[in-house]
Structures are given as structure tokens and as C-alpha cells.
Amino acid sequence: MKKIPFVTKEQLEQIVKAYPTPFHIYDEKGIRENARKVYKAFSWNKGFKEYFAVKATPNPILLKILQEEGCGTDCSSLTELMMSDACGFSGHDIMFSSNDTPAEDFELAGRLGALINLDDITHIDFVEKILGRLPETMSCRYNTGGQFQLSNGIMDTPGEAKYGFTREQMTEGFKIMKEKGVKHFGIHAFLASNTKTNEYYPALARILFKTAVELKEETGASIEFINLSGGVGIPYHPDEEPNDILAIGEGVRQAYEEILVPAGMDNVAIYTEMGRFMLGPYGHLITRAIHEKHTYKEYIGVDACACNLMRPAMYGAYHHITVAGKEDAPCDHKYDVTGSLCENNDKFAVDRMLPKIDKGDLLIIHDTGAHGFSMGYNYNGKLRSAEILLKEDGTTRLIRRAETPKDYFATLDVTGLMDKYLN
Ligand SMILES: *Cc1c(COP(=O)(O)O)cnc(C)c1O
């Protein structure tokens, strides 16, 4: 499917007058429409809730938009909990799905009354010690082990993943927590990332639903929610088929009718913790071509780098690029599009066929709305970019300013040495 940016060259020309490149821009209209579709897909389930995975795009203004659409937050760290709290998410609006969790994180999760989704059986005692006693509602993350396979092949290898309880530990953990006074239970699993098939959630749901029925029989625990976590993918490449969330919701409904309803578990709420699917397509990284270099290959140097978007450098991930104003021009030039890091993997595209790029052109790098800005870093002393919201009425709002050198130097403790650049 042809990938069409949500901003035009004319809009960008206006925006760059106020905010210099590079920056990430988010599309409020697209975010809201997509969130509504997610809720429609699961409207058959009374307790359904999407807990947006904050790590994907930790910006309070975006969290507030998702909150208005009915979402909670899924946190995995202290600062994500703080941000959720500050945005007015409270109690069971917050899912805390962390691993290798520091005591202070559990302490805040407990204080906020968040739903705690344990990653390991040893954390039962750990949490009990920190909070004095276990909350009345607890959840456990299940790791199925081995390989996870769907009809189109092996999706991932949970047996190699650090997360979750084994199947035996799930039973044991539930028994222990029941004895310690826990009354309401949930189960969770995340078996594959960025899945590009409508089969993933339904297949995962079948596994978790069967496990829930077994756990109820084995332990008598009252299982009140099943959390399908994240992992629903997006079409980064134009050749990829987008997931159909309505079909996914329907697939989960069928599994629910087949497995949970006959077991008398027709009150179980379905939760999701999507990050990528909620925001990925609704963010662009906007960057300007500042150099062209002709050596053994043709290079276009842009003013963004892997510090602004790590996925291509880290995973070799494909991110589609549109040259603003050249949407319909023939892609008859082969380029490597590079950032300025002293790392040869700092390339947004390798051997990519694009229209002829001229210095000064604005490049739109697609699908940076999740795991984009948030994976940023400061290598080579690069500064984090601004984030801008394109509002539904077409106006823009700066929702994070760009870092300055002063921000970068601020944590140094060097008795006046850097004062020239700090004052
Ligand atoms: C990363 C993560 C998510 C979100 O994953 P997406 O691939 O962005 O949907 C959800 N839950 C947990 C526990 C995660 O670690």
C-alpha cells in the first residue's frame, strides 16, 4: 500500500519556520481514529481496556489524548509511573508490567494502586516486603517456553526470553498469592513483537484462555482479566499488509466464546498493552538534506541521526522515506541516507530508490510514532530533538522542546569548568 505522509510540504514549510529540523511530529487525528477502532474491535468485551505502553512514546500530551479515548497506561519504570500519575491515571488505570524491577518502582506502583503484573515468582515475596502486604489484585506474566509458531512460521522463541513465569510457576505462584490473601488475578503474556498477521492475538488468546481455565481448576483463583500485552505490528514497508484490528478483535472473541464461556468464565476482561500499533504510524521524523556526497556510493546526509531514530541502526529496520513535495516523482536515484554519527550503521536507508534529492529538501521518515524518539540517546554529544503535535484543527503545538547544549552539560559536576557553556 502506498505510504502517504500526514503532512504536506506546504505544512512543513510553515512548521520549520517555528521549529528547526530535525523533529518528530504526531498526528492527533490519526491517533484518535485508530484508538476508537481498537475500542470498537473489542466492544464485545465489557471490561476491555487498552493500556498504552508508555515506553513507546513517553509524552504526557500524547498520554492525555489516549486517556480521552479511554486508554490506561502500561508502565515498566519509575519515571513512567510518575508520568502516568501526573497525567491523572490512577489505580487500575495503570498496569505495571516491569521486569528486574527495583524496589522503589514497586513501592510507587503500590502507592498509586497500580495493577502489578509480576515477571517472576520470587517477586511475590519481594513485593510483599516492600508494600507490607500484597495488593488484592495481582497479575503474572506467563512465558510459554519453547518456540511460538503460527501458520506462517516461527514467530519468536519465548524459551530464550528473560521474561515471565514457567507454566509450573504460574500454578505455584497463584497458590502462594491466594494464601497470602490475593483475591483477584490476571494473566499476561507477550510472545512475539511487531507481528504482521491477524492471527497473533487470537492464537495468544487461546493459549492464555486455556491456561486461565486450568489455573482456575488447579488453584480456585478468581481470574478477572487476561492481558494480551503488545506485539501487534504495523506495515513499515509499503509491501506489507496492515493488520486489521477489527478482524483481530473478532478472532479473540471467537476464542473467548469457545474456551472461556463454556468454563463459566464469561466475565473476564480483556486487556491489551499496545505501543507500536497505537502510535507508530502517527509519527514522522522530519529531517533536512544538508549534504550530498559522491564516492563509491551516493550519499544524502541529513540533519537527523540514529540518536533520533535508532531502529534502522539497531535492527536494520525499514522506515519508509518520502521526499516532501516529490511524492509523485519517479524513484530513479539510489541513495544511502545517512546521519552524522561516527558509526557506519548510522543510515536511515541503504540502497534506497528515491526521487532525486536536492540539498535543502525535507525528508519525511515514516512510522516513528512509537519506539522512535523514546529510544533516543546522546552518543557523539547529539541532542534530542523536539516533538510536535499536529492537532486536529491543523495547527501545531510544541510538546517537547529540543535539547540544548546546556541540557547536555547540565549533569556534569566539574566545579565551574563548563560554566562558559552553562550560563
Ligand atoms: C514493549 C512492551 C509493550 C508494547 O509493545 P509494542 O510492540 O509496542 O506493542 C507492551 N507490554 C510490555 C510489557 C512491553 O515490554
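Side-chain atoms are counted along with the backbone in the values below, which use heavy atoms only and exclude waters and symmetry mates. Every number for a ligand or one of its atoms is a count from 1 in the order of the listing. This one's a predicted model, so the numbers in the text were calculated from it and none came from an experiment.
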Visitor: Is there a donor-acceptor contact under 3.5 Å linking the side chains of H284 and T368?
Guide: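 No.
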Visitor: Per the salt bridge (Lys or Arg N to Asp or Glu O under 4.0 Å) rule, what does the pair list look like for residues 213-237, sequence neighbours excluded?
Guide: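 Qualifying pairs: R167-E214, R167-E218.
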Visitor: Kindly assign one of parallel, tilted or perpendicular to the pair W44 and F42, based on the angle between their ring planes and the thresholds 30° and 60°.
Guide: tilted
Visitor: Write out all pairs satisfying salt bridge (Lys or Arg N to Asp or Glu O under 4.0 Å) with one or both partners inside residues 379-389, taking only residues at least two apart or from two chains.
Guide: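 Sorted result for residues 379-389: R384-E403, E387-R400.
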Visitor: Pairs of nitrogen or oxygen atoms, one from ligand 1 and one from the protein, closer than 3.5 Å: please tabulate them with distances.
Guide:
from: ligand 1; atom 1: 8 (O); to: G275; atom 2: N; distance (Å): 3.4
from: ligand 1; atom 1: 8 (O); to: R276; atom 2: N; distance (Å): 2.8
from: ligand 1; atom 1: 8 (O); to: H371; atom 2: NE2; distance (Å): 2.7
from: ligand 1; atom 1: 9 (O); to: G231; atom 2: N; distance (Å): 3.0
from: ligand 1; atom 1: 9 (O); to: G275; atom 2: N; distance (Å): 3.0
from: ligand 1; atom 1: 11 (N); to: D74; atom 2: OD2; distance (Å): 3.2
from: ligand 1; atom 1: 11 (N); to: S229; atom 2: OG; distance (Å): 3.2
from: ligand 1; atom 1: 11 (N); to: E273; atom 2: OE1; distance (Å): 2.7
from: ligand 1; atom 1: 15 (O); to: K55; atom 2: NZ; distance (Å): 2.6

Visitor: Pairs in or reaching into residues 188-202: which pass salt bridge (Lys or Arg N to Asp or Glu O under 4.0 Å), with residues at least two apart or in two chains?
Guide: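 Found K196-E240.
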Visitor: Regarding H320 and Y318, is there a side-chain donor-to-acceptor distance under 3.5 Å anywhere?
Guide: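 Short answer, yes.
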